[in-house]
Amino acid sequence: MKTKKNLYESLLFLMGEHPFEEIKVSEICEKAMTNRSTFYAHFEDKYALLSSLIMDLKTGLTEELLKNEEITNSKEYYLKCLYLLFEHIEHNKEVYSPLIVNNRNSIAMDMIYDTLLEDITKRMNLEGHDKKRKIPADFVTHFYLGAIFQIGMKWIQSKNYYSKEEVLSYLEHLIPNDLS
């Protein structure tokens with residue numbers, strides 16, 4: 001665990017200064033004060049290291065989103081979903097900043113999108129398929145997920161130009177009360 005943590009931290013430090021593609025395994029090892037053989041005992045290459053880091057983030061975000069299961073109103077759910085995403089990002093800003101702001105890493109962005117999609121889809125399936133629904137559930141899911149995701153990415157990339165509270169306040173006005 002200690003080696004993995006040191007390698008993560010070294011990769012993130014280097015990504016704060018250079019694009020991921022320019023970073024060499026030898027630089028990661030040097031920064032982590034770890035032998036290359038130790039690195040290769042844990043990871044196949046720098047892509048496997050990045051993938052492992054992303055999977056750890058996904059696990060954390062998935063756990064964070066579990067806090068949103070008590071809410072029954074769709075509008076509250078989407079607002080809480082974005083709030084929990086922001087909280088997760090704030091608690092892991094030393095990770096997300098080099099990944100998304102400095103490197104525009106699509107793997108990290110895909111992970112966030114997929115994790116949110118899984119959570120929203122699971123919620124929509126729990127609510128069942130209401131025949132009274134004017135719009136299919138999967139259409140509503142992708143529509144609001146796209147909005148939440150884009151607002152979240154804008155918030156990360158703009159280095160918090162808008163506060164979390166401001167963004168949630170704006171969305172409070174934009175998301176209708178009845179999503180059926």
Side-chain angles (χ1 to χ4, degrees), residues 1-17 19-20 43 46-127 138 140-175 179:
M1 291 301 281
K2 185 179 178 186
T3 300
K4 188 175 169 181
K5 183 178 186 284
N6 286 339
L7 291 170
Y8 282 175
E9 289 172 355
S10 297
L11 175 63
L12 291 168
F13 176 83
L14 293 168
M15 286 178 74
E17 298 189 349
F20 175 75
F43 301 102
K46 69 180 185 177
Y47 298 96
L49 173 63
L50 179 61
S51 179
S52 177
L53 174 63
I54 298 292
M55 290 309 297
D56 284 355
L57 282 174
K58 179 177 182 163
T59 299
L61 179 56
T62 300
E63 289 171 4
E64 194 70 26
L65 291 173
L66 290 175
K67 296 176 183 175
N68 203 8
E69 289 187 350
E70 302 277 323
I71 295 174
T72 57
N73 175 297
S74 294
K75 178 178 184 170
E76 288 177 26
Y77 169 78
Y78 283 109
L79 290 171
K80 180 75 172 192
C81 193
L82 190 57
Y83 173 81
L84 292 170
L85 174 62
F86 285 172
E87 286 290 303
H88 175 74
I89 290 167
E90 280 183 335
H91 286 103
N92 296 285
K93 64 182 164 194
E94 71 284 346
V95 177
Y96 280 106
S97 183
L99 286 174
I100 295 176
V101 177
N102 298 348
N103 280 272
R104 305 252 192 246
N105 188 289
S106 66
I107 297 170
M109 292 169 53
D110 290 348
M111 178 278 296
I112 293 170
Y113 188 89
D114 291 345
T115 304
L116 291 171
L117 178 61
E118 287 171 20
D119 190 72
I120 293 168
T121 301
K122 178 180 74 174
R123 178 169 178 85
M124 294 298 271
N125 288 336
L126 288 175
E127 290 177 0
D138 65 329
V140 174
T141 297
H142 285 282
F143 180 80
Y144 283 100
L145 174 59
I148 287 171
F149 181 75
Q150 289 302 319
I151 294 295
M153 291 304 103
K154 174 101 173 124
W155 183 74
I156 294 168
Q157 293 168 347
S158 66
K159 303 214 187 234
N160 306 334
Y161 178 77
Y162 295 106
S163 73
K164 175 175 45 180
E165 292 76 18
E166 286 175 306
V167 171
L168 293 170
S169 171
Y170 299 150
L171 289 174
E172 175 82 30
H173 296 289
L174 290 171
I175 299 175
L179 298 179

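Nothing fancy with the numbering, it's 1 onward along the sequence.
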Please tell me if the side chains of [X] and [Y] come closer than 4.5 Å, counting only heavy atoms from C-beta onward.
| X | Y | value |
| --- | --- | --- |
| Y78 | I120 | yes |
| F43 | K4 | yes |
| L50 | L99 | yes |
| Y96 | L57 | yes |

For this session: List for me each residue that meets salt bridge (Lys or Arg N to Asp or Glu O under 4.0 Å) alongside E76, sequence neighbours excluded, and say none if there are none.
Result: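 Salt bridge (Lys or Arg N to Asp or Glu O under 4.0 Å) list for E76, sorted by chain: empty.
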Problem set entry | Residues in salt bridge (Lys or Arg N to Asp or Glu O under 4.0 Å) contact with E94, at least two apart in sequence or another chain | none
Going from [atom1] on [X] to [atom2] on [Y], what distance comes out if it is rounded to the nearest 0.5 angstrom?
| X | Y | atom1 | atom2 | answer |
| --- | --- | --- | --- | --- |
| K80 | L65 | NZ | CG | 10.5 Å |
| L116 | T62 | CG | OG1 | 9.0 Å |
| L12 | L7 | CG | CG | 11.0 Å |
| I175 | L79 | CD1 | CG | 4.5 Å |
| Q150 | M109 | CD | CE | 7.0 Å |
| F149 | T115 | CZ | OG1 | 10.0 Å |

Exercise. Among E165, K164, H91, whose side-chain contact (heavy atoms from CB on, under 4.5 Å) with F86 holds?
Worked result: K164
Exercise. Which of these, D56, L85, D119, sits in a side-chain contact (heavy atoms from CB on, under 4.5 Å) with L61?
Worked result: L85
For this session: Please check if atom OH in Y113 has more than 12 non-hydrogen atoms from other residues, nucleotides or ligands closer than 6.0 Å.
Result: yes
Problem set entry | Stepwise side chain to side chain contact (heavy atoms under 4.5 Å, CB included) check, I89 with W155 | CA-CA 10 Å; I89 290 167; W155 183 74; 3.9 Å; yes
Problem set entry | Residues K5 and E9 bridged, charged N to O under 4.0 Å | yes
For this session: Could you tell me how the ring of Y162 sits relative to the ring of Y170: parallel (under 30°), tilted (30 to 60°) or perpendicular (over 60°)?
Result: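 Rings of Y162 and Y170: perpendicular, over 60°.
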